[in-house]
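Notes to accompany the following structure.
As the structure is a computational prediction, the values presented were derived from the model and not from experiment.
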Amino acid sequence: MRRLAALLLGLLCASTALADAQPLRGPDILQALGDATAEGTWHGTPYRQFFAADGRTFYRQGDAPMTQGRWKVDGDRYCSDWSPPELGQPSWSCYAVLAEGATYFWQQPGDQPQPFTLSPGNGL
């Protein structure tokens with residue numbers, strides 16, 4: 001029962017914060033993420049992700065090894081590709097980015113918004 005109450009409270013807090021969040025436009029996403037480290041929880045697992053200005057991104061979830069991918073801004077969406085370069089064909093996943101104060105959110109249609117914070121530089 002306590003777990004259910006905690007889950008409901010978490011969902012309520014996330015939806016309340018998201019209600020005031022504003023979508024960022026492409027140039028604002030680029031400025032916010034470039035040479036910054038995101039820190040958050042992705043579907044229950046803590047992560048950190050660094051966005052290099054040259055389009056590379058580095059991701060570490062929990063205690064797993066760090067992975068490297070690519071990132072870009074496409075219109076008003078953040079996009080990432082984690083496919084190995086030897087495949088030759090990128091597989092981009094794109095998300096809207098919203099902001100409410102110092103809290104940001106990844107938002108993909110049909111998925112729960114995922115909050116994160118940003119700090120300057122490589123925080124991995």
Side-chain angles (χ1 to χ4, degrees):
M1 187 62 126
R2 282 185 175 163
R3 292 182 83 192
L4 178 59
L7 175 63
L8 292 174
L9 179 60
L11 289 174
L12 177 62
C13 290
S15 62
T16 301
L18 188 62
D20 295 331
Q22 299 297 312
L24 296 181
R25 306 212 30 100
D28 298 323
I29 296 170
L30 193 58
Q31 182 178 13
L33 297 181
D35 281 329
T37 299
E39 184 174 355
T41 302
W42 188 258
H43 298 287
T45 304
Y47 75 90
R48 286 180 180 248
Q49 183 174 358
F50 173 66
F51 305 93
D54 66 3
R56 292 177 302 146
T57 185
F58 302 89
Y59 182 85
R60 177 171 285 143
Q61 190 172 29
D63 293 330
M66 185 167 43
T67 58
Q68 180 179 336
R70 298 182 295 168
W71 76 282
K72 66 179 182 177
V73 173
D74 184 10
D76 291 332
R77 300 179 310 157
Y78 155 80
C79 301
S80 60
D81 169 44
W82 301 97
S83 59
E86 58 271 12
L87 291 181
Q89 185 69 355
S91 177
W92 295 99
S93 296
C94 298
Y95 304 82
V97 180
L98 298 94
E100 169 60 29
T103 303
Y104 295 84
F105 299 87
W106 305 115
Q107 178 66 61
Q108 195 172 40
D111 201 4
Q112 190 71 3
Q114 301 293 314
F116 66 97
T117 58
L118 287 172
S119 57
N122 186 346
L124 297 180

State, with a plain yes or no, whether a side-chain heavy atom of Leu124 is found less than 4.5 Å away from one of Met66.
yes
Side-chain contact test, heavy atoms from C-beta onward, threshold under 4.5 Å: evaluate it for Leu33 versus Tyr78 and give yes or no.
yes
Flag, side chain of [X] to backbone of [Y], donor-acceptor distance under 3.5 Å:
X      : Y      : answer
Trp71  : Ala52  : yes
Asp35  : Gly121 : no
Asp76  : Gly26  : yes
Gln107 : Asp111 : yes

Any disulfide bond (SG atoms under 2.5 Å apart) pairs touching residues 35-74, not counting sequence neighbours?
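Residue pairs with at least one partner in residues 35-74: there are none.
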Under the disulfide bond (SG atoms under 2.5 Å apart) definition, can you give me all pairs with a residue in residues 24-102, not counting sequence neighbours?
Cys79-Cys94
Below 30° counts as parallel, above 60° as perpendicular, anything between as tilted: where do the rings of Phe116 and Trp106 land?
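Judged by the thresholds at 30° and 60°, the geometry between Phe116 and Trp106 is parallel.
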What distance separates [X] [atom1] from [Y] [atom2], expressed to the nearest 0.5 Å?
X      : Y      : atom1 : atom2 : value
Ser80  : Arg70  : OG    : CZ    : 10.5 Å
Phe50  : Gln68  : CZ    : CD    : 11.0 Å
Trp42  : Gln112 : CH2   : CD    : 11.0 Å
Phe58  : Thr37  : CZ    : OG1   : 11.0 Å
Arg60  : Arg48  : CZ    : CZ    : 10.0 Å
Leu118 : Gln49  : CG    : CD    : 10.0 Å

Minimal non-hydrogen separation, Leu24 against Ala99, with atom names
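Where Leu24 meets Ala99 most closely, the heavy atoms are CD2-CB, 4.0 Å.
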Identify the heavy atoms of Phe105 and Pro113 that sit nearest to each other, and give their distance.
CD2-CB, 4.2 Å
Crowded around Asp54 CG? As in, over 12 foreign heavy atoms under 6.0 Å?
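Counting neighbours around CG of Asp54, more than 12 heavy atoms of other residues, nucleotides or ligands fall under 6.0 Å, so yes.
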Within a radius of less than 6.0 Å around CD of Gln31, do more than 12 heavy atoms belonging to other residues, nucleotides or ligands occur?
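Counting neighbours around CD of Gln31, 12 or fewer heavy atoms of other residues, nucleotides or ligands fall under 6.0 Å, so no.
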Basic-acidic side-chain contact under 4.0 Å: Asp74, Arg77:
yes
When hydrophobic residues are tied together by side-chain contacts of less than 4.5 Å, even through go-betweens, does [X] share a cluster with [Y]?
X     : Y     : answer
Tyr59 : Val97 : yes
Tyr47 : Leu98 : no
Trp92 : Tyr95 : no

